[in-house]
There are 2 protein chains.
Amino acid sequence: MESNPRELLQMTARLFGLLNKNCCNIGEYEISTIQSHIMYEINRQHEPSMQQIADEIGMDITTFSRQIQTLTKKKLVKKTALPEDRRVYILQLTEEGQSVSSTIDKIMNDYLEDVFSHMNEFEKETVLRSIQLLNTSMLKSKMCCTPMG
Amino acid sequence: MESNPRELLQMTARLFGLLNKNCCNIGEYEISTIQSHIMYEINRQHEPSMQQIADEIGMDITTFSRQIQTLTKKKLVKKTALPEDRRVYILQLTEEGQSVSSTIDKIMNDYLEDVFSHMNEFEKETVLRSIQLLNTSMLKSKMCCTPMG
DNA sequence: ATAATTATTTGTAAAATGCAAGTATTAATT
DNA sequence: AATTAATACTTGCATTTTACAAATAATTAT
C-alpha cells in the first residue's frame, strides 16, 4: 500500500464510492451521489438558500438550480420563497426527503461500522480524530476545496 | 465540527475537491476529475487492459471506452493491442500523459503539504497512518467501494 | 426614478452516462 | 474442423449533467 498523501486520499475516495455517479436506490428513488450530497447539506444547514448550498458544495448555480428542480419534482425537496427577500428561496427536505436522506445516512454508517469492525477501539478513535483534524486543516488551507484553482 | 463518521468523510470529500467535475488545467490540457483518476490508475498499474481500469474505477466500460478515446485523441494515453490476445488493449500514459499526471500529482501534494503545515509532525504521521488503516479496512469490507449496492 | 446588484431561472450547446446491439477475437463444444 | 459460446471492446442512441451567456425578478444604492 502507498504512502504518498495524494495516493492515499485518491484511494480513500474510490473505496468510499465517491467516484460512483449513482449513490443508491432508496425505495422508488434513484439518487445520484451529487443529489445525496445536496440533500445532506440541506439537512445540515438551517433553512439555507439555494446560493448557500451551491457555494457550499462548490457547484455552479445553474446546474444546482436544475438539480433542485428534479429533487422538487420528486418531492424530496421543498422550495419556499423567503418573505423578507423574495429573490431568495429557502430549501428544506420534505418528510420523504428526510426519510430518504436518513436511510442513506444509515447505509453509509453501516458500511463504516463494518469497516471499523476491522479495527480495535483505539484505532477507530484515532482514525476518526485524524479525519477530523484533516478536515479542519483543509478548511484552514488557502487552497481549500479547489486545490487545482 | 461533526463526529458522525459519514459526515466526516462526506466533508473530507468536499474539502478535497472530489465533487468538482473539473480537476485542472495543465498547460493546454483541460482535465476532468474522472480523467485524472483514469490517468492516475493507468500509471499505477503495470500495462493494464481497458477492462481492468474500468473495473478498478467502477466505471461503465462503454463510458470508459469513450473517455479513453478522448484521452488518446489528446495524446495523453496510448492504446496498444496485446499480441497474445488481440481483443485486449493495453493502456499506457504517453510522455505527455506522464508529465500531465505528475504535474497533477505535484499540485495535489503541494495542496496536502499546505494542509499538513497546520499540523505538527506527529499529527501528520498519525493522520497518514490513519488514512492508510482506513483504506486497508475498507478493502477488507464486503461492501467495499459500493456501499450502496 | 434610475441604475446597479443580487438570487434564481432558462437557452443552448457540449460532454458524460449507460443500455442495447454491434464487431472482432479467442475458447469451448461437438 | 466447424459451430457455438464467451470475452474485450466499440458504436448507436436517448437521457442526464454540465456550464457559459443571457433573461427575469426583486432588492439596494444613487
Side-chain angles (χ1 to χ4, degrees), chain A residues 17-25 29-39 42 45 47-74 76-92 146 148-149, chain B residues 17-25 29-39 42 45 47-74 76-92 146 148-149:
Chain A
L18 286 168
L19 299 182
N20 306 355
K21 195 183 159 302
N22 289 316
C23 157
C24 40
N25 297 326
Y29 301 104
E30 266 205 47
I31 311 287
S32 70
T33 301
I34 280 289
Q35 283 167 357
S36 88
H37 272 258
I38 290 172
M39 293 176 70
I42 291 174
Q45 295 190 29
E47 306 203 338
S49 72
M50 309 251 311
Q51 196 64 252
Q52 269 169 46
I53 301 286
D55 285 351
E56 187 74 27
I57 297 183
M59 195 175 194
D60 186 278
I61 184 70
T62 70
T63 306
F64 184 76
S65 172
R66 278 183 251 250
Q67 286 284 3
I68 292 297
Q69 279 171 39
T70 48
L71 286 171
T72 49
K73 245 178 248 155
K74 286 180 185 174
L76 295 171
V77 167
K78 199 166 46 179
K79 258 175 67 180
T80 329
L82 187 72
E84 305 93 282
D85 183 343
R86 285 170 44 231
R87 289 170 301 183
V88 177
Y89 284 90
I90 292 304
L91 298 174
Q92 283 174 285
T146 49
M148 299 311 196
Chain B
L18 285 168
L19 298 182
N20 306 357
K21 197 182 159 301
N22 288 316
C23 158
C24 39
N25 296 326
Y29 301 104
E30 268 205 45
I31 311 287
S32 71
T33 301
I34 280 290
Q35 284 168 358
S36 88
H37 273 259
I38 291 172
M39 292 175 70
I42 291 174
Q45 294 191 31
E47 306 204 339
S49 72
M50 310 250 312
Q51 197 66 251
Q52 269 169 46
I53 301 286
D55 285 353
E56 187 74 27
I57 297 184
M59 194 175 197
D60 186 278
I61 184 70
T62 70
T63 306
F64 183 76
S65 171
R66 279 183 254 252
Q67 286 284 4
I68 292 297
Q69 278 170 41
T70 46
L71 286 172
T72 49
K73 245 178 248 154
K74 285 181 186 174
L76 294 171
V77 166
K78 198 166 45 178
K79 259 175 67 181
T80 329
L82 187 72
E84 305 92 283
D85 183 344
R86 284 170 44 229
R87 290 170 301 183
V88 176
Y89 284 91
I90 291 304
L91 299 174
Q92 284 174 285
T146 49
M148 300 310 198

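The chains referred to below are lettered A, B, ... by the order of the sequence lines, with proteins before strands, and numbering in each begins at 1.
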Could you tell me the separation between the [atom1] atom of [X] and the [atom2] atom of [N], rounded to a whole number of Å?
X	N	atom1	atom2	result
B:Phe64	D:dT11	CZ	P	15 Å
A:Ile31	D:dT16	CD1	P	14 Å
B:His37	C:dT17	NE2	P	12 Å
B:Asn22	D:dT18	CG	P	11 Å
B:Met50	D:dT7	CE	C1'	13 Å
A:Lys21	D:dT17	NZ	C1'	7 Å
B:Lys73	C:dA14	NZ	C1'	13 Å
A:Glu30	C:dT17	CD	P	15 Å

Would you check if B:Gln92 and B:Val77 make a side-chain contact, meaning some heavy-atom pair closer than 4.5 Å?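 SC-SC contact between B:Gln92 and B:Val77 ruled out.
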State, yes or no, whether a side-chain contact exists between B:Met59 and B:His37 at a heavy-atom distance under 4.5 Å.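 SC-SC contact between B:Met59 and B:His37 ruled out.
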Set of side-chain hydrogen bond (donor to acceptor under 3.5 Å, both in side chains) partners for [X], sequence neighbours left out:
X	value
A:Tyr29	A:Glu96
B:Asp85	B:Arg87
A:Glu30	none
B:Gln52	none

Step by step, would you call A:Leu91 with A:Lys79 a side chain to side chain contact (heavy atoms under 4.5 Å, CB included)? CA-CA 5 Å; A:Leu91 298 174; A:Lys79 258 175 67 180; 3.5 Å; yes
Interface residues of residues 51-63 of chain B with DNA chain C (non-hydrogen, below 4.0 angstrom): B:Met59, B:Asp60, B:Thr62, B:Thr63
Report the C-alpha distance between A:Gln35 and A:Thr70 in whole Å, list the side-chain angles of each, state the deciding distance to 0.1 Å, and finish with yes or no for side chain to side chain contact (heavy atoms under 4.5 Å, CB included). CA-CA 10 Å; A:Gln35 283 167 357; A:Thr70 48; 3.8 Å; yes
What heavy-atom pair brings [X] and [Y] nearest, and what distance separates the two atoms?
X	Y	value
B:Cys23	B:Ser36	SG-CB, 3.9 Å
A:Val88	A:Ser49	CG1-CB, 3.6 Å
B:Asn22	B:Thr33	C-OG1, 3.7 Å

If the sugar-phosphate is the primed atoms plus P, OP1 and OP2 and the base is the rest, what is the B/S/- string for nucleotides 23-30 of chain D, using protein heavy atoms under 4.0 Å? ---BS---
Tell me, please, which residues at least two apart from A:Thr62 pass side-chain contact (heavy atoms from CB on, under 4.5 Å). A:Asp60
With sequence neighbours left out, the residues meeting side-chain contact (heavy atoms from CB on, under 4.5 Å) with A:Lys21 are none
Any base atoms under 4.0 Å from A:Ser32, or only sugar-phosphate, or nothing? Heavy atoms, all strands. nothing
The helix from C:dA1-D:dT30 to C:dT30-D:dA1: angle between end helix axes, five pairs per end, rounded to 10 degrees: 10°
Residues 49-58 of chain B vs salt bridge (charged side-chain N to carboxylate O under 4.0 Å, His left out), sequence neighbours excluded, gives A:Arg14-B:Glu56, B:Arg44-B:Glu56
Which of residues 65-72 of chain B have a heavy atom under 4.0 Å from DNA chain D?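 Hits under 4.0 Å, by residue number: B:Ser65, B:Arg66, B:Gln69.
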